[in-house]
Structure formats: C-alpha cells, structure tokens
Amino acid sequence: MSEKSYRDAIRDAMIEEMDRDANVLIMGEDIGVYEGTFRITAGMLKKYGPKRVIDTPIAEAGMAGTAVGMAMLGLRPIVEMMTMNFAIVAADQILNHAAKIRYFSGGQVDVPVVIRGPQGAGVQLSAQHSQTFESFYGHFPGLKVVAPATPADAKGMLKTAIRGRDPVIFLESAALYGMKGEVPDDADFTVPFGESRVVREGGDVTVVSYSRMMQLSLSAAQRLSKDENIECEVVDLRTLRPLDLEPAYTSVTKTHRCVVVQEQWKPFGAAAEIAASITENVFDELDAPVERVTGEDVPMPYARNLELLATPHEEQVMNAVKRVMYRE
Amino acid sequence: MAKQETESAAAVIDAVCAPDWTEILRQMILVRRFEEATEREFRRGKIGGYLHVYIGQEAVASGIISALRKGDILFTGYRDHAHALMLGSDPGRVMAELFGKSTGISKGKGGSMHLFDVEHGFYGGYGIVGGHLTLATGAAYALRYQGTDRITVCYFGDGAMNIGPFHEAMNMAGLWGHEGMAPIIFIIENNGYAMGTSVERHSALTDLAARVRAYDIPSEKVDGQDVFAVRGVAERVIRQVRENGTPYCIEAVTYRFSGHGAADILQPYRSKEEVEQHKHRDPIVILRNRLSELCGLKDDDVKRMEDAAAEEVARALKFAEESPQPEADELYRDVVAE
C-alpha cells in the first residue's frame, strides 16, 4: 500500500496499463505538450511518444469517434475529456455509436474505449463547467458508468475499464483530485464493476451514495454519530451501470430507513432510480419514505455563496437522516 | 506505322480489359436485382423499418471495392446493401437481416441500416448521417498503429458534409496524414440530394471535392456512373494511400434512381423528367456497352449473368423466408461483453 492522491491514482493506472499493453493509448485536448489541464498526463508524452499520447484539436466528437473506431480495430484508447461537460459535444459518438455497435452488429466487435474526465461542482466554474452526468449516461444500455469515491477505487476501476471490452464512462470528481488514500501497489490490482460496498456500518439509517457525495455522506455520518448518537450505514455504489443495489437492500433490511445522496439535479437523477429500486425490492422493510438529497434544480450560479447553496452539504444529509427517523 | 497503331490500340484494349470486368458486371447486376427484390419485399411487408436502396449508384461501390485487397476495411452510412454484397457478404444472410431473422448478418438486430460483416472487412452500416466518419478515421489510425498497410474506405453522402463530425473527422484525418497515420479514402457519394434537399440548397459551396481541401486532404471528382473511371481513380489512389498513410477524397458524382427511402414515393423535390434523364446514364448499361465494344462481351454472357443473379436473389429470398426469427433471449445478448 502507498498513500496516493486520487489524481495520481488515475495517472498510475494509465501508466501501468500503457506499460502492460501496447494497444493502450491516450488522446485528448492538451494532454501532451501542455501536460494536461489537471496535470494527470504530465510527462506521458515524453515517456510514450506522440503516437500513444495524442494531442487532439478541440473536437470532442472527433476524438470520441476516432477512439471508437480505434477500439473496434483492437486498440484500447483512453479519451481524456478536459471536463465531462465538453463530452456532450460527443454525445452522438458515445450514445449512438459506442453504446450500440456491439448490439446492432450482432456482437461482431468489441468497443473497449474509456472516456474519462472530471465532473461536478468546482469553485465558481458556473453553469457550463459544473455538471454531473451519471444519470445521463447511466440511462443508456451498452455503456458502463463508473464514479469512484476513493483513490484506490479510482485506480482499480480505471484499470478494469482499460482492460474491458466495452465502452466505459469514467466519471472523476474534480473536487476529489487532491484527496489522499491508501492504494495497493500491485500492478494487477483491479476493482470489478458492479460491486457496491458498505464503507461504514451502522444500524439506524442506510445512506446510499457514490463519488464525492459518498465522502460527504461519510462526514455527515461521523457528525451524526458524535452529535446525535445516530449510526448511519453508508453504501458506496462505485459503479452506476451496472448498478449493484444488493448491499443497499441488505442494509435497508437492517435499518428500515434510507437516504440517497447525489450531487446532480433531483428530477430524473440517479437517486430517483435508486430510491425506486429500493421501494420495489424492499418496500416491506421500510419504516419511512426514501429521502433524496440532491443539488438544487438550477443551472450552477457563479457567485460563491449561491454556488454553495446549489450544492449538497453535510447538514442536508444530516437533516434527511433525522427526517427518516422522524426526529426532526 | 499503321501496324504500330494497331498494336498500340490492342495494348490499350488489353489494359482496359485487364481487370475482371465481367466479375464487376456480374456483381453490379446482382446488386441491382437484389435491391429491386428488397423494394418488392418491403411493399409485401416482409422488410420493415427503413429501406434505402442503391439503384443507380452501383459503379461507385464496385469501382472502389473491386480494387481493394483482403484486409482492407470499409465504413458507410445506411445505404449499405451494395457495399456488403460487393465485399463478399452472403446475399442470403444480408436478405435475412432485412427480414429480421436470426440468420441475418447482424443476427437480425441491426436491419437494413446496420449491416456488419467484419470477416469481410465490413465495419458497418450506420444510421446517423456523418456519424461514422470519425470512426473510420480512428480505424485507419489503428491499422497504421498496428504496423499494417491495410487501408480504410469511408463512404458517405453529400448530405453528410454539413454536420459537425464531418469537419472534425476531416481535420483529424488531415492532421494525422501529416504523420502518415491516416490511410483512409473518403468517398463522397454525391447523388445530388441530402434526402430531398439538393446540393445547391444544402451546401454553400457546391464543389464538394474542393471542400475537403480545406483540411489538407487532396481530392478529385469522378463520374460515378462510369465504373471504368471510378476503378481507374481507385487503383491510383489506393496505391498512394496505402504507401503514404495519407488521406484522399474522391467525389463520385452519381444519381439514385429510386427514392431516398422506401417511403419516398412522391419525390416532390425532383421531376420525373430529371429522373428519366439520369436513367439514360445507367452504370450497368454503360459498363455492358463498353465491354461489348472493347472486350468482346456477348449478349449471351449478359443473359447468363442476369439468370445467375435472378437465381442468387431467389435463393437469398428463400433462405431469408425460411430462416427462424431470433430467439427471445437474443434480446439481451450483445448489449455488453461481460
């Protein structure tokens, strides 16, 4: 084990996989000479050369689409989106092509492309640079959607993504890049998709989340334990598609109460899918309606005070937990 | 002097007749009869969804595809039956796909717009206009990256040239060509219309071949009704692209004799006279006449080809008709690998 930042974990995963397999390459805007907006790819151009570290024009459809074509021919391209907000420009390439080619070709081709980049609220990046996309991509069969909350998961799941046979949308939390955590050193350490896990045990309320909101939920759980004597069981989903809710169902069977936390907007968001699935599967176990904590239903404002109001915070999670316990 | 002239004329004829033109003619006739059959079967309700036939444009596919090597690969849009057949796909399995049967070339899950036959180098079959151009560009990069001299051919219509990914693909192909990493030939199938919108109404610059030069991709126009002309350009361009890893664009000026799709019955965007006038330049008739004049093709030879094509299409229809529908559990297969 070594202590690594979330950012370095992502970088290590790419370097290890590029060392392991000559078919792995990375492409994106300003990832080579400029060394990356978030410096995740710093030094990689020098190490691997321009055929494997490809600086592209500002052309998201171009880079996503060419990567899909490379993947169909047996390469394993990683596309770095400067931010996932820009990947909307490549929606046709990702949703109409990458996600469907295996199916409409009757399984004749693999499409092992990884589209990764940061998403979510930063600090005053305003409306076009602060969005989250897990429910957007999670809606589409044929994609895999990953949203790691820790450096170890970021590394292990990125390696799984690169070694897989399907298109993976790898959603990094920009706000977690600096976060540190223990990461296994083993070059073959991978984390499988579709395995949620309990990251904190507790008997009172189940809190289901992923990515940065999982870290926020953990902090809220610690405060509730200390200040209110409430023990939350926190479930980290890790992947949104495939979605493994078994640990959440098991937990709800124990706690009978559930709060789902997401950064994105409430309407049609991931929490709606999760809450509905919990209701469908363990309805009889519930002693209260499933609560959702989400971002406010507005485009992200610029002013710092408004931005903070638009984004979920610990107190909201704590209040929701108390509400499902009828203690508010 | 007279003898020399005769000898050189003979040499020209030998050169002209050198490619296996009868095979090319056979394929073009087969595709024509196949497409006519699909139109009938669509009207009979055997083929569903959308159906876009290639009638009138056959020389554009055959002139290029006949000059490719095994291992070369091809991407195209939704008017894709001819490309599959000319690459060597089994007509029965193509027809079965259109019938939505389990024996279809894409297991009945793609349909007319998504034919796929990777074994024969056919990488689809795409339904979003212009969407596949970036894929083809990336595929070309991959072929070079892997150290092969295989090339990619990417077909698209004139209508695809106005969508964003066209420009992104062209620019990246142009850039990658500077490094010898873009062995790709873009074929503009300029049939005069983006569905029902004429080139004059959809492209600010109507010289389509000129437009790609903005991306440092050399280009030329060719008469897409004349397979001799298409094949001639193809041989030269394929050699160059294979050798240098640089992109090239061929604008094949052609015309579709049928509607845009099977539902395009009224065709309010063009006159009957215009269609009739173009039918005088039928690529099959042009090739047949040329082969009769220069290469000794006999009417009997053509008759035999017609009969063989009719038989082949009948066999394809029978195979499609008798094949089973996909099993219900096929619904969930091939969504993801693992």
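Note on naming: letters A, B, ... go to the chains in the order of the sequence lines (proteins, then strands), and numbering restarts at 1 for each one.
- Between the side chain of A:Y103 and the main chain of B:G110, no donor-acceptor pair closer than 3.5 Å is present.
- A:K51 meets the side chain to side chain donor-acceptor pair (under 3.5 Å) test with no other residue; sequence neighbours excluded.
- No more than 12 heavy atoms of other residues, nucleotides or ligands sit less than 6.0 Å from atom CD1 of A:I58.
- Relative to the six-membered ring of A:F104, B:K109 misses at least one condition, a distance below 6.0 Å or an angle of at most 45° to the axis.
- At a 4.5 Å heavy-atom cutoff, the contact between B:Y123 and chain A is made by backbone and side-chain atoms alike.
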Please determine whether side-chain contact (heavy atoms from CB on, under 4.5 Å) holds for the pair A:M27 and B:Y141, giving the CA-CA distance in whole Å, both sets of side-chain angles, and the decisive distance to 0.1 Å. CA-CA 12 Å; A:M27 56 198 299; B:Y141 188 95; over 6 Å; no

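- Contact detail for A:Q93 and B:G131: the closest heavy-atom pair is OE1-O, 3.3 Å.
- For B:R144, no part lies near chain A; criterion is any non-hydrogen pair under 4.5 Å.
- The number of heavy-atom neighbours closer than 6.0 Å to NE2 of A:H139, taken from other residues, nucleotides and ligands shown, is 12 or below.
- Of the two parts of B:I73, only the side chain, counted from C-beta on, holds a non-hydrogen atom closer than 4.5 Å to a non-hydrogen atom of chain A.
- The closest donor-acceptor contact from the side chain of A:Q108 to the backbone of B:S106 lies at 3.5 Å or more, if one exists at all.
- Contacts with chain A were tallied for B:R333, B:M172, B:H132, B:K107; B:M172 has the most, counting heavy-atom pairs under 4.5 Å.
- Remark: side-chain polar atoms of B:D334 are not paired, donor with acceptor, to backbone N or O of A:R102 under 3.5 angstrom.
- By the side chain to side chain contact (heavy atoms under 4.5 Å, CB included) test, A:L45 is found to be paired with A:V33, A:P50, A:V53, residues two or more places apart in sequence or in another chain being considered.
- Only the side chain of B:L175 comes within less than 4.5 Å of a heavy atom of chain A; its backbone N, CA, C and O stay farther away.
- For the atom pair CG of A:N96 and CD1 of B:I128, the computed distance is 4.0 Å after rounding to the nearest 0.5 Å.
- When atom types are taken as modelled, the side chain of B:Q146 and the backbone of A:L73 share a donor-acceptor pair closer than 3.5 angstrom.
- Listed here is the closest heavy atom pair of B:N171 and A:P57: ND2-CG, 3.6 Å.
- Atoms CD and CD, from A:E60 and B:E168 in turn, are 7.0 Å apart once rounded to the nearest 0.5 Å.
- The environment of OH in B:Y50 is sparse: at most 12 heavy-atom neighbours from other residues, nucleotides or ligands sit within 6.0 Å.
- When B:A169, B:G138, B:A173 are compared by the number of non-hydrogen pairs under 4.5 Å with chain A, B:G138 comes out ahead.
- Checking B:Y145 against A:R52 by side-chain atom types alone, a donor-acceptor pair falls below 3.5 Å.
- With a threshold of 4.5 angstrom between heavy atoms, B:L331 approaches chain A through its backbone and through its side chain.
- A distance of 6.5 Å separates OG1 in B:T134 from NE2 in A:H97, rounded to the nearest 0.5 Å.
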Test side-chain contact (heavy atoms from CB on, under 4.5 Å) applied to A:I101 and B:L135, step by step: CA-CA 11 Å; A:I101 290 172; B:L135 275 59; 3.6 Å; yes

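- Residue A:L75 holds its CG atom at 9.0 Å from CG of B:L143, rounded to the nearest 0.5 Å.
- Of the two parts of A:L25, only the side chain, counted from C-beta on, holds a non-hydrogen atom closer than 4.5 Å to a non-hydrogen atom of chain B.
- Minimum interatomic distance between B:V335 and A:P141 (heavy atoms only, all atoms of both residues): CG1-CB, 4.0 Å.
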